[in-house]
Amino acid sequence: MTETGTGSQARPQTGSEPGPRPAPEPAPAAGAVDGSDSGEPAKDVAEPAKAAAKKAAGSERNQSSSLRRALAVLGHVRDHGNGRGVPLAQLAEALGLNKSTVLRLAGPLLDEHLLDRDRETGWFRLGHGSLRLGQAYLSTLDLRSVAAEHLRRLQREAGETVHLTVWQAPGIVYLDKVEDETNVRMASRVGSRAPAYCTATGKAILAWLPDEAVTEVVAAGLRPVTAWTISDETHLRADLARIRARGYSIDDRENEPEVRCVAAPIFDHTGEVTAALSVSGLTSRMTAARVRSLGPVVAQVGLRISRELGSDRQPG
């Protein structure tokens, strides 16, 4: 009698039953290529990634360098075009590049009409794309917004009240004011008017306006506001000449008897003076010597604001 169902005897195989499973293959040894029994060491999978990253970094550097050189081409044409344009040879020499490189860099600028090239002479000049770019920039400008951070920084450095004014013949209007809450406050307020002939910002603007503006101010009257007010046309014109020579104006107690101010003009993208900024303080702190030391500082801030407004005016 045959016994079945016991664990001591193997079940007989039939054609429908699978045979014994093969033993699993051992995992490849470290360093071996997957699926290969050649025994050769595997390639470092990090190497291709490193190479790709290095190549990408090099490409970015090359693109950055090309962009800087293309902008140098655009800048040189901007600064030296003088309405006629700049020859290719001059561009190459000035920038230390060969002509073929200049032509390659100028290609995208020509495509975007940032540059144009005269068909007859081959000279480069600014294109109408540059005009559109400039107009788009100017459309976003607001004097008070552009000047705001400069005024706050100047106030922190000087520790005195800082004003921003605009011309409104025959005087000025206060557009902004930044003051230290711990100091005695100035009588000025945003939106109020003041005469041009006896205020630092007024004279800073007047010094760069056409002579007709000075005549208009004189015709409106040079009424003495304090004992130190310049109330004579000859003296006023002489003071305006000194202001143009040094780049900043001084109100030496001319509008308020206990206040000294130093101011500088602000120019717009057309090169016209449109505004001025000043530092004002009590004479006990704003001594004559301190006013002279602050003058060049205020003038530099005025130039920085002017440049942001599109002016290319240089110091002096």
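Heavy atoms only: backbone and side chains are in, while hydrogens, waters and symmetry mates are out.
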- Message: Please find the pair of heavy atoms, one from Leu95 and one from His76, that lie closest to each other, and give the distance.
- Response: CD2-CB, 4.4 Å
- SB check Glu258 Arg253 (cutoff 4.0 Å): no
- Quick one: do Glu157 and Arg152 make a salt bridge, cutoff under 4.0 Å? no
- Item | Residue pair Ser306, Ser311: steps toward the side chain to side chain donor-acceptor pair (under 3.5 Å) verdict | CA-CA 5 Å; Ser306 299; Ser311 171; 5.0 Å; no
- Query: Between Arg125 and Asp116, is there a side-chain N and carboxylate O pair less than 4.0 Å apart?
  - Reply: no
- Query: For Arg304, what residues pass the salt bridge (Lys or Arg N to Asp or Glu O under 4.0 Å) criterion, not counting sequence neighbours?
  - Reply: none
- Can you name the closest pair of heavy atoms from Ala299 and Gly247 and give their distance? CB-O, 3.8 Å
- Hey, is the main chain of Pro195 close enough, under 3.5 Å, to the side chain of Thr199 for a donor-acceptor pair? yes
- Query: Quick one: does Arg117's side chain have a donor or acceptor within less than 3.5 Å of a partner on Gly122's backbone?
  - Reply: yes
- Query: Can Ser100 and Arg104 be counted as having a side-chain donor-acceptor contact under 3.5 angstrom?
  - Reply: no
- Message: Within the structure provided, determine whether Val291 and Val279 are in side-chain contact (heavy-atom separation under 4.5 Å).
- Response: no
- Interatomic distance, Asp251 atom CG to Ser278 atom OG [nearest 0.5 angstrom]: 8.5 Å
- Glu112 side, atom CD; Leu133 side, atom CG - distance, nearest 0.5 Å: 10.5 Å
- Residue pair Leu240 / Arg244, side-chain heavy-atom distance below 4.5 Å: yes
- Task: Kindly indicate whether the side chain of Trp167, heavy atoms from C-beta on, has any atom under 4.5 Å from the side chain of Ile172.
- Result: yes
- Distance in Å, Leu115 CG paired with Leu109 CG, rounded so as to fall on 0.5 Å steps: 5.0 Å
- Message: Using every non-hydrogen atom in the two residues, find where Thr283 and Val259 come nearest and quote the distance to one decimal.
- Response: CG2-N, 3.9 Å
- Is any side-chain heavy atom of Leu97 less than 4.5 Å from a side-chain heavy atom of Leu105? yes
- What one should report as the nearest heavy-atom pair of Leu110 and Phe124 is CD1-CE2, 4.2 Å
- Item | Residues Gln90 and His80: side-chain donor-acceptor under 3.5 angstrom | no
- Task: With rounding to the nearest 0.5 Å, note down the distance linking NZ in Lys203 to CG in Leu209.
- Result: 14.5 Å
- Query: Any donor-acceptor pair under 3.5 Å linking the side chain of Glu216 with the backbone of Val214?
  - Reply: no
- Message: Could you check whether any side-chain heavy atom of Leu91 comes within less than 4.5 Å of a side-chain heavy atom of Val102, counting everything from C-beta outward?
- Response: yes
- Task: Mind checking the CD-OG1 spacing from Glu256 to Thr229? Nearest 0.5 Å is all I need.
- Result: 11.0 Å
- Message: With a 4.0 Å cut-off on N to O distance, would you call Arg313 and Asp268 a salt bridge?
- Response: no
- Residues forming a side-chain hydrogen bond (donor to acceptor under 3.5 Å, both in side chains) with Arg193, sequence neighbours excluded: Gln168
- Between the CD atom in Glu179 and the CD atom in Gln155, the distance rounded to the nearest 0.5 Å is 8.5 Å
- Do NZ/NE/NH1/NH2 and the carboxylate oxygens of Arg153 and Glu149 come within less than 4.0 Å? yes
